[in-house]
A.B. asks: 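Before we start, here is the structure in question, set down as structure tokens.
Side chains included, hydrogens not; waters and symmetry mates left out as well; all remaining heavy atoms used.
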Amino acid sequence: MKNYENDVYVIGGKKRVAWLRYAIIVLCIAAGVILIGWLTRDSQEESGQVTQELNAIEVLPENAMSPKFDGKYDFSEFLKWVSSNLEYPQGLETMDAEVKVSFVVTKEGHLADIAIVSEPAQKEFGQQVVKLLKTCPKWAPARMADGTPASISYTLPVKFRAQNAVNE
């Protein structure tokens with residue numbers, strides 16, 4: 001007769017091992033993607049091919065409408081307007097700078113609560129951005145799914161690049 005007292009049974013042991021294999025595979029893939037991205041970025045920086053793109057992230061309920069710049073354009077047209085109308089502060093044309101500014105597109109379509117989030121030591125850069133945003137054309141306000149106008153806040157990074165750096 002067989003003695004069963006010393007036998008050990010693991011219930012679900014095979015499932016645990018399979019789950020662990022999948023977790024290890026996922027971690028390896030994630031590490032590979034991060035490594036490839038890191039290596040690609042370094043090679044782009046060395047060759048001078050780094051371009052930065054501002055990705056707009058909107059968090060709106062389904063069927064809601066984001067505000068429209070100048071009454072009919074999407075946010076990318078607003079960025080073009082900022083780019084084409086932004087002026088360097090006088091005497092600082094040879095400096096690079098970045099200003100982060102926050103603002104609200106109100107229910108009435110105006111920019112309000114314009115505030116500098118970060119700016120360089122030369123405060124003139126931030127002042128130029130605020131001055132520009134105060135002249136912004138009216139927006140069509142955001143609308144909730146039921147059609148109710150809503151205020152939306154944005155944070156915008158504005159980069160100043162010196163002319164001599166652009167021409168090189």
Side-chain angles (χ1 to χ4, degrees), residues 26 29-30 32-168:
V26 168
I29 291 171
V33 168
I34 290 169
L35 181 62
I36 289 170
W38 181 69
L39 291 174
T40 304
R41 180 173 182 219
D42 285 348
S43 67
Q44 286 177 340
E45 286 176 354
E46 290 170 6
S47 65
Q49 296 176 347
V50 176
T51 58
Q52 288 187 335
E53 184 177 306
L54 179 62
N55 294 322
I57 301 172
E58 293 186 5
V59 182
L60 293 172
E62 191 174 327
N63 298 324
M65 185 180 82
S66 61
K68 299 292 181 194
F69 171 67
D70 205 10
K72 57 188 169 195
Y73 301 110
D74 64 3
F75 198 78
S76 63
E77 287 298 317
F78 170 68
L79 296 176
K80 289 178 188 174
W81 178 82
V82 169
S83 178
S84 64
N85 291 292
L86 186 63
E87 295 179 5
Y88 251 89
Q90 197 167 22
L92 300 174
E93 293 84 359
T94 60
M95 295 183 64
D96 290 346
E98 181 174 355
V99 175
K100 289 182 184 162
V101 63
S102 65
F103 58 92
V104 174
V105 179
T106 66
K107 295 177 185 179
E108 295 78 29
H110 301 286
L111 295 190
D113 301 330
I114 301 170
I116 296 172
V117 176
S118 67
E119 66 182 342
Q122 299 78 17
K123 305 295 183 200
E124 295 87 350
F125 286 106
Q127 292 168 355
Q128 282 296 102
V129 173
V130 171
K131 178 181 168 184
L132 175 65
L133 292 180
K134 286 183 178 181
T135 66
C136 183
K138 189 173 179 181
W139 293 59
R143 298 209 175 264
M144 300 305 287
D146 65 359
T148 306
S151 295
I152 300 285
S153 62
Y154 288 97
T155 300
L156 179 68
V158 179
K159 295 183 180 186
F160 289 84
R161 296 291 175 239
Q163 288 296 340
N164 58 358
V166 173
N167 292 333
E168 292 178 355

A.B. asks: Apply the side-chain contact (heavy atoms from CB on, under 4.5 Å) test between I114 and each candidate in L132, V104, V130; give the one that qualifies.
C.D. replies: V130
A.B. asks: Do V105 and P141 come within less than 4.5 Å of each other through their side chains, counting heavy atoms only?
C.D. replies: no
A.B. asks: In chain order, what residues pass the salt bridge (charged side-chain N to carboxylate O under 4.0 Å, His left out) check against K134, with sequence neighbours excluded?
C.D. replies: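 For K134, no residue satisfies salt bridge (charged side-chain N to carboxylate O under 4.0 Å, His left out) once neighbours in sequence are set aside.
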A.B. asks: With rounding to the nearest 0.5 Å, note down the distance linking CH2 in W139 to NE2 in H110.
C.D. replies: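 Atom-to-atom, W139:CH2 and H110:NE2 are 13.5 Å apart.
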A.B. asks: Starting at OG1 of T106, measure out to NZ of K138 and round the result to the nearest 0.5 Å.
C.D. replies: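 With rounding to 0.5 Å, OG1 (T106) is 8.0 Å from NZ (K138).
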A.B. asks: Which heavy atom in E87 sits nearest to a heavy atom in Q128, and how many Å separate them?
C.D. replies: O-NE2, 2.9 Å
A.B. asks: Under the side-chain contact (heavy atoms from CB on, under 4.5 Å) criterion, do V129 and V82 qualify, and how do the steps go?
C.D. replies: CA-CA 9 Å; V129 173; V82 169; over 6 Å; no
A.B. asks: Going by heavy atoms in the side chains, are P89 and Q127 under 4.5 Å from each other?
C.D. replies: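 Heavy-atom side-chain distance check fails, nothing below 4.5 Å.
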A.B. asks: What heavy-atom pair brings G126 and E119 nearest, and what distance separates the two atoms?
C.D. replies: CA-OE1, 3.3 Å
A.B. asks: Would you say Y88's side chain and T94's backbone share a donor-acceptor pair under 3.5 angstrom?
C.D. replies: no
A.B. asks: What residues form a side chain to side chain donor-acceptor pair (under 3.5 Å) with E124, not counting sequence neighbours?
C.D. replies: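 Residues passing side chain to side chain donor-acceptor pair (under 3.5 Å) with E124: none at all.
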A.B. asks: Rounded to the nearest 0.5 Å, what's the gap from CG on L111 to CG on L133? Could you check?
C.D. replies: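 Reported value, rounded in 0.5 Å steps: 6.0 Å.
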A.B. asks: Just jot down the side chain to side chain donor-acceptor pair (under 3.5 Å) partners of K107, sequence neighbours excluded, or say none.
C.D. replies: none
A.B. asks: So, using side chain to side chain donor-acceptor pair (under 3.5 Å) as the criterion, who are the partners of D146 when residues are at least two apart?
C.D. replies: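 D146 satisfies side chain to side chain donor-acceptor pair (under 3.5 Å) with T148 once adjacent residues are dropped.
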A.B. asks: Evaluate the side-chain proximity of K80 to Y73: yes if any heavy-atom separation is below 4.5 Å, no if none is.
C.D. replies: no
A.B. asks: Would you compute the distance between atom CZ of F78 and atom NZ of K68 and round it to the nearest 0.5 angstrom?
C.D. replies: 14.5 Å
A.B. asks: Not counting sequence neighbours, which residues clear ring-ring contact (aromatic ring centres under 6.0 Å, His included) with W81? List them please.
C.D. replies: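 If we apply the ring-ring contact (aromatic ring centres under 6.0 Å, His included) test to W81, skipping adjacent residues, the hits are F69.
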A.B. asks: Is there a donor-acceptor contact under 3.5 Å from the side chain of E77 to the main chain of F75?
C.D. replies: no
A.B. asks: Could you tell me whether the side chain of P120 reaches within less than 4.5 Å of the side chain of F160, counting heavy atoms only?
C.D. replies: no
A.B. asks: Excluding sequence neighbours, so at least two apart, what forms side chain to side chain donor-acceptor pair (under 3.5 Å) with D74?
C.D. replies: S76
